[in-house]
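Keep in mind that what you see is a predicted model, and the values were worked out from it rather than measured.
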Amino acid sequence: GERIDRPEDFPHAFRRLGEKMDIFLMAADPLAYSMENVAWLEARCLQDRLLCLAPSRNAAKLGILLAVDVDSEGIGDQAAALVSRILDHGENPAAIGVVPPLGTRLILNMRTAQRIGLPVQSQLLSVVSEVIAP
């Protein structure tokens with residue numbers, strides 16, 4: 001990884017990674033995740049024909065290939081239900097264990113897939129929650 005201290009450092013850090021990447025996952029970090037950087041990343045991923053992922057549906061709408069979108073309300077409801085199980089029903093948190101979050105969605109931008117020459121197999125389509133059509 002590359003450290004950045006300001007949003008405008010993102011393109012330089014990305015370039016320093018150079019050809020070390022097969023796929024790029026943009027973190028939901030306020031220093032990197034800005035509208036300008038998402039637009040720059042979308043153009044660069046198209047240019048380099050690189051698989052890029054970002055942490056919101058909006059990024060996929062802007063042209064990023066894949067986005068992991070979190071339903072904060074759904075996860076909040078899930079957390080409240082777990083707390084209720086512990087406080088109201090006396091369940092042991094260790095017995096509940098780690099619970100995968102509900103409401104996480106995978107969004108595919110089909111136009112971007114076509115533009116980078118990514119053949120979209122039915123297996124991929126079976127796991128995505130939403131396809132943004134070309």
Step-by-step side chain to side chain contact (heavy atoms under 4.5 Å, CB included) determination, E36 to F10: CA-CA 10 Å; E36 295 82 15; F10 175 76; over 6 Å; no
Side chain to side chain donor-acceptor pair (under 3.5 Å) contacts touching residues 117-128 (sequence neighbours left out): none
same_hphob_cluster(L124, V68) at 4.5 Å side-chain heavy-atom cutoff: yes
Heavy-atom neighbours of M21 CE exceed 12 at 6.0 Å: yes
Sequence neighbours excluded - side chain to side chain donor-acceptor pair (under 3.5 Å) pairs with any residue from residues 97-106: R105-E130
Stepwise side chain to side chain contact (heavy atoms under 4.5 Å, CB included) check, L65 with L50: CA-CA 9 Å; L65 177 67; L50 181 65; over 6 Å; no
Residue pair M26 / P55: nearest heavy atoms and the distance that separates them: O-CD, 3.3 Å
Exercise: identify the closest heavy-atom pair between S56 and A67: O-CB, 2.9 Å
Please tabulate, for side-chain N and O atoms in residues 79-91, each donor-acceptor pair with protein atoms closer than 3.5 Å (sequence neighbours left out).
unit_1	atom_1	unit_2	atom_2	d
S84	OG	D88	OD2	2.9
R85	NE	E91	OE1	3.4
R85	NE	E91	OE2	3.1
R85	NH2	E91	OE1	3.0

Q47, CD: over 12 other non-hydrogen atoms inside 6.0 angstrom: yes
Side chain to side chain contact (heavy atoms under 4.5 Å, CB included) between R111 and I132, intermediate numbers included: CA-CA 7 Å; R111 180 172 183 249; I132 296 174; over 6 Å; no
ILVMFWY cluster, V128 and I107 together (side-chain gap under 4.5 Å): no
Worked check of side chain to side chain contact (heavy atoms under 4.5 Å, CB included) between Q114 and N109: CA-CA 9 Å; Q114 291 171 346; N109 185 310; over 6 Å; no
Main-chain N/O of T112 paired to E42 side chain as donor or acceptor, under 3.5 Å: no
Co-membership, hydrophobic cluster, residues L125 and V127, 4.5 Å side-chain: yes
Single-linkage hydrophobic cluster, 4.5 Å side-chain cutoff, I23 and W40 together: no
Pairwise side-chain contact, I75 with P101, heavy-atom cut-off 4.5 Å (strictly under): yes
For the student: nearest non-hydrogen atoms of V120 and A113, plus distance: CG2-CB, 3.7 Å
With sequence neighbours excluded, residues passing salt bridge (charged side-chain N to carboxylate O under 4.0 Å, His left out) with D77: none
Flag, side chain of D9 to backbone of I4, donor-acceptor distance under 3.5 Å: no
The single option from D22, L66, L118 passing side chain to side chain contact (heavy atoms under 4.5 Å, CB included) against L51: L118
Heavy-atom check, side chain of F24 versus side chain of R44, under 4.5 Å: no
Any donor-acceptor N/O pair, N37 side chain to P7 backbone, under 3.5 Å: yes
Distance, nearest 0.5 Å, that separates CZ of R57 from NZ of K61: 5.0 Å
Under 3.5 Å donor-acceptor, R49 side chain and I116 backbone: yes
Summary of disulfide bond (SG atoms under 2.5 Å apart) pairs that have at least one residue in residues 44-134, sequence neighbours excluded: C45-C52
Where at least one partner belongs to residues 72-134, residue pairs that pass disulfide bond (SG atoms under 2.5 Å apart), sequence neighbours excluded: none
L46-L53 co-clustered via ILVMFWY side chain contacts under 4.5 Å: yes
